[in-house]
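Both counts, for ligands and for their atoms, begin at 1 and track the order of listing.
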Amino acid sequence: MNSHTTHKRTAARGKVSQNTDTAVHSNAPRAAQTASGLDKLFEAELKDIYWAEKALLKAIPKMIRNCSSESLQDTLDNHLDETKVQVMRLEKAFDLIGMKAEGKKCEAMTGLIKEAEETMSEFQKGPIRDAAIIASAQKVEHYEIASYGTLCAFAKSLGIEKVAELFHQTLMEEKGADTRLSLIGETSVNVHAGSEAGLKRKRA
Ligand code: FE
Ligand code: FE
Ligand code: ZN
Ligand code: FE
């Protein structure tokens, strides 16, 4: 566990934590303790989003297959390509901090994907299912926006600017995807979904 970090402090922390008693009541300066704590939190967040992005590489194609709207399909297709690049950026980030790329199961993304699959199966293929896909996809984007915003801030605090820049690039892509999804909802999908619902109400 202590083999994979570049930060000098981590080596010291590793030694301390072997002795659990002194780990808590360490004489190390307070600032150093705080910084090495942030190291650990940063690594945990990085592993989490790495797992989440890789899960999305499998989940987005399923969403694409369920779309009826061509513009929604194109947007998700484009974001799938971006996601592949984002996974590579994360691998580069791991590399820059001297860690091997390793994911840790993200329970939140697992839940978001499960909900997306459930909702898709509850509505027939067409404008309503498309609206459901947009809703699910935007929940995913918002989770990612929060994660990359946090990672970017942590990387800056830790003084690893190159890594922060990688997260910032991805953050902009996630925000772009979110905006495009909103636009498709407002300009086409929800309009059709609304008129379909209206028709059903008249028939009833
Ligand atoms: Fe992503
Ligand atoms: Fe997570
Ligand atoms: Zn940033
Ligand atoms: Fe995304």
### Query
Between Glu118 and Lys114, does at least one N-O distance fall below 4.0 Å, as a salt bridge requires?
yes
#### Entry: Closest approach to the Fe ion (ligand 4) by Glu141, given as the N, O or S atom name
OE1
### Query
Is the Fe ion (ligand 1) under 2.8 Å from any N, O or S atom of Glu53?
yes
### Message
I'd like to know if Lys156 pairs up with Glu161 as an ion pair, taking the criterion as any Lys NZ or Arg NE/NH1/NH2 lying under 4.0 Å from an Asp or Glu carboxylate oxygen.
### Response
no
### Query
Is there a donor in the side chain of Arg89 and an acceptor in the side chain of Gln169, or the other way round, less than 3.5 Å apart?
yes
### Summary
The atom name of the N, O or S atom in Glu174 nearest to the Fe ion (ligand 1) is OE2
### Message
Starting from Ile60, can I reach Ile113 by hopping between I/L/V/M/F/W/Y residues whose side chains sit under 4.5 Å apart?
### Response
yes
### Query
Does Thr170 bring an N, O or S atom to within less than 2.8 Å of the Fe ion (ligand 1)?
no
### Message
How large, to 10°, is the angle at the Fe ion (ligand 2) when you draw lines to OD2 on Asp48 and to OH on Tyr143?
### Response
140°
### Message
To 10 degrees, how wide is the angle NE2 (His79) to the Fe ion (ligand 4) to OE1 (Glu144)?
### Response
170°
#### Entry: Pair Arg180 + Glu82: basic N to acidic O under 4.0 Å
yes
